[in-house]
Number of protein chains: 2
Amino acid sequence: MKVATWNVNSIRARLERVVAFLERHDPDVVCLQETKVVDEVFPADELRAAGYQCTTIGQKTYNGVAILSKTPAEDVVRAFDDGGDDSQARLIAATIEGVRCVCVYVPNGRSVGSEAYAYKLEWLERLKKLLEQDADPERPLVLTGDFNVAPADIDVHDPEAWRDQVLCSDPERKALRELEDWGLVDGFRSLHPDLVAYTWWDYRQLGFPKNRGMRIDHLLLTRPLLERCEGIEIDREERKGKGASDHAPVLATFAPGPWK
Amino acid sequence: MKVATWNVNSIRARLERVVAFLERHDPDVVCLQETKVVDEVFPADELRAAGYQCTTIGQKTYNGVAILSKTPAEDVVRAFDDGGDDSQARLIAATIEGVRCVCVYVPNGRSVGSEAYAYKLEWLERLKKLLEQDADPERPLVLTGDFNVAPADIDVHDPEAWRDQVLCSDPERKALRELEDWGLVDGFRSLHPDLVAYTWWDYRQLGFPKNRGMRIDHLLLTRPLLERCEGIEIDREERKGKGASDHAPVLATFAPGPWK
DNA sequence: GTCGGCGATG
DNA sequence: CATCGCCGAC
């Protein structure tokens with residue numbers, strides 16, 4: 001079983017590349033972020049033609065997440081439903097082939113100390129509570145998406161330039177670690193402890209070559225799933241050429257279930 | 001002396017092509033329409049480097065006209081100043097080397113019978129009054145720009161499709177003729193009575209190939225100027241390739257003055 | 001800086 | 001339906 005995550009920054013602008021990606025990798029599950037469409041306009045027909053069902057929660061212009069799957073998505077959840085703000089489409093979860101797939105687009109946080117930053121930290125806490133209440137670390141689960149957090153300095157091309165900046169600040173890293181403490185492992189780090197690879201590139205920092213960046217898109221796995229993980233890779237192909245998004249997809253391959 | 005007119009649809013988006021055009025034709029005067037910038041942001045430095053002074057009247061997002069000239073622009077006028085609406089930057093006039101140059105971007109008129117259409121007809125009348133009051137048909141004058149009127153069916157690729165439509169309707173053609181009645185001649189028509197050539201192409205009409213269109217950009221000349229006119233051409237080069245505007249420039253060459 | 005959605009105009 | 005400017009996010 002193959003599970004992928006990709007911040008596509010508009011499913012409509014990226015549709016051709018997404019279809020090419022599906023054909024190249026033949027994943028079973030694809031978690032998408034920043035689809036930027038309401039569900040009625042989501043290009044479900046085109047993706048169905050490529051062999052995938054679409055489970056979506058979108059909004060106009062901003063955010064939007066989706067799960068593409070070859071087989072049916074069960075027990076779909078599209079919001080925290082915890083009494084907090086659910087107006088931003090940043091969370092979708094479904095069970096596919098017995099694996100719980102949670103797809104997130106964590107708020108960027110704009111800048112450290114801002115209101116958006118507080119919302120980001122809060123959002124990560126709500127996510128942890130969701131896991132605590134509705135999930136089981138002893139069951140196969142993948143929490144994946146654009147976390148907008150680089151876990152450690154090794155995940156950043158220029159750690160000094162980003163020191164204590166948003167995406168790299170200690171409180172964000174701590175919030176991510178606390179999420180993992182529930183019972184998750186960073187798939188990429190776990191399988192490639194010393195490998196440096198980025199999933200997102202930056203163009204703000206002065207003199208930053210456009211192909212340098214950081215690793216902020218993650219696949220976090222519960223132990224039963226990690227044990228079956230046969231490989232995890234970042235698809236650098238998708239960053240090349242015209243019409244590339246500024247995020248690269250991440251893929252994980254698992255030995256087949258069955259999960260009881 | 002060479003005088004050109006060109007609807008550039010944003011001087012910023014077209015700057016590279018405008019500079020190439022200046023180098024290719026070496027005109028003395030260039031009348032530009034739809035510059036779409038306020039004067040403070042007009043790329044005057046780049047055009048000065050190409051050897052031209054800029055006389056501009058612009059606004060944000062819409063309209064905007066300018067006169068580029070190798071030699072100083074005198075007696076500049078940037079509005080009707082007739083008590084009517086001058087909020088749209090569609091008119092600029094200046095005297096260059098003794099030739100009065102009036103550059104206009106006539107309102108499009110949206111559709112026949114609309115409010116915009118009434119405004120267009122009214123605008124053409126105000127223009128006629130301006131000539132009557134401030135100009136002399138016995139002096140060298142060129143009234144040029146995007147008139148948004150195809151003078152006759154011969155100027156339209158598919159006259160039947162455009163019959164009585166905006167840009168081709170009788171009232172507009174009549175308003176243009178009345179302007180000419182003051183003492184102007186359609187330079188292109190006068191020198192090439194049977195030649196079919198378009199300055200603008202269309203993409204609305206179903207099945208319209210993108211390179212078919214109509215002639216709506218004009219150079220109207222007073223008799224003393226017409227007598228010195230040595231040639232008039234439509235530059236089809238500027239419609240080719242990436243980054244082309246949907247208007248082609250029109251150029252006229254005149255035997256040198258002096259005008260007493 | 002760079003992109004994408006949006007809205008107005010042609 | 002193509003284009004461009006604008007805006008907001010990153």
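Please read these numbers as outputs of a predicted model, since none were measured by experiment.
- Note: CD (B:Q33) to C1' (C:dG10) measures 14 Å, nearest angstrom.
- With sequence neighbours excluded, no residue satisfies side-chain hydrogen bond (donor to acceptor under 3.5 Å, both in side chains) with B:T55.
- When the P atom of D:dC10 is taken as reference, atom OH of A:Y198 falls 22 Å away, rounded to whole Å.
- Contact between the side-chain N/O atoms of B:R12 and the OP1/OP2 oxygens of D:dC6 is found at a separation under 4.0 Å.
- Heavy atoms of A:N148 sit nowhere under 4.0 angstrom from any nucleic acid atom.
- The CZ-C1' distance, from B:R110 to C:dA8, rounds to 8 Å in whole Å.
- Taking atom CD1 on A:I216 and atom P on D:dA9, their separation rounds to 17 Å, with Å as the unit.
- The side chain of A:R14 contributes no N or O atom lying less than 4.0 Å from OP1 or OP2 of C:dC3.
- Proximity of A:L127 to A:L179: side-chain heavy atoms (C-beta onward) are separated by under 4.5 Å at one or more points.
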So A:R215 and A:D186, salt bridge (charged side-chain N to carboxylate O under 4.0 Å, His left out) or not? Walk me through it.
CA-CA 11 Å; A:R215 189 173 69 94; A:D186 178 338; 2.9 Å; yes

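- A heavy atom closer than 4.0 Å to some atom of DNA chain D occurs in B:K60, B:T61, these being the qualifying members of residues 55-68 of chain B.
- In this structure, B:R126 is not positioned above the aromatic face of B:F80 in the sense of NZ or CZ being under 6.0 Å from the six-membered ring centre and within 45° of the axis.
- In terms of the salt bridge (charged side-chain N to carboxylate O under 4.0 Å, His left out) criterion, residue partners of B:R163 (sequence neighbours excluded) are, by chain and number, B:D153, B:E160.
- Looking at heavy-atom distances under 4.0 Å, B:Y117 makes no contact with the nucleic acid at all.
- Taking atom CD of B:E115 as the reference point, atom P of C:dA8 lies 16 Å away to the nearest angstrom.
- Residue B:N9 contributes atom CG, which lies 6 Å from atom P of D:dC4 at whole-angstrom precision.
- Look at A:E178 and A:K128 and you find no salt bridge, because none of the NZ, NE, NH1 or NH2 atoms lies under 4.0 Å from a carboxylate O.
- If you run side-chain contact (heavy atoms from CB on, under 4.5 Å) between A:F147 and each of A:L167, A:I216, A:D217, A:L176, only A:L176 comes through.
- Between B:Y105 and C:dG10 there is a side-chain polar atom (N or O) within less than 4.0 angstrom of OP1 or OP2.
- The CD1-P distance, from B:I11 to D:dG5, rounds to 11 Å in whole Å.
- Following rounding to the nearest Å, A:E34 (CD) and D:dG8 (P) show an atom-to-atom distance of 16 Å.
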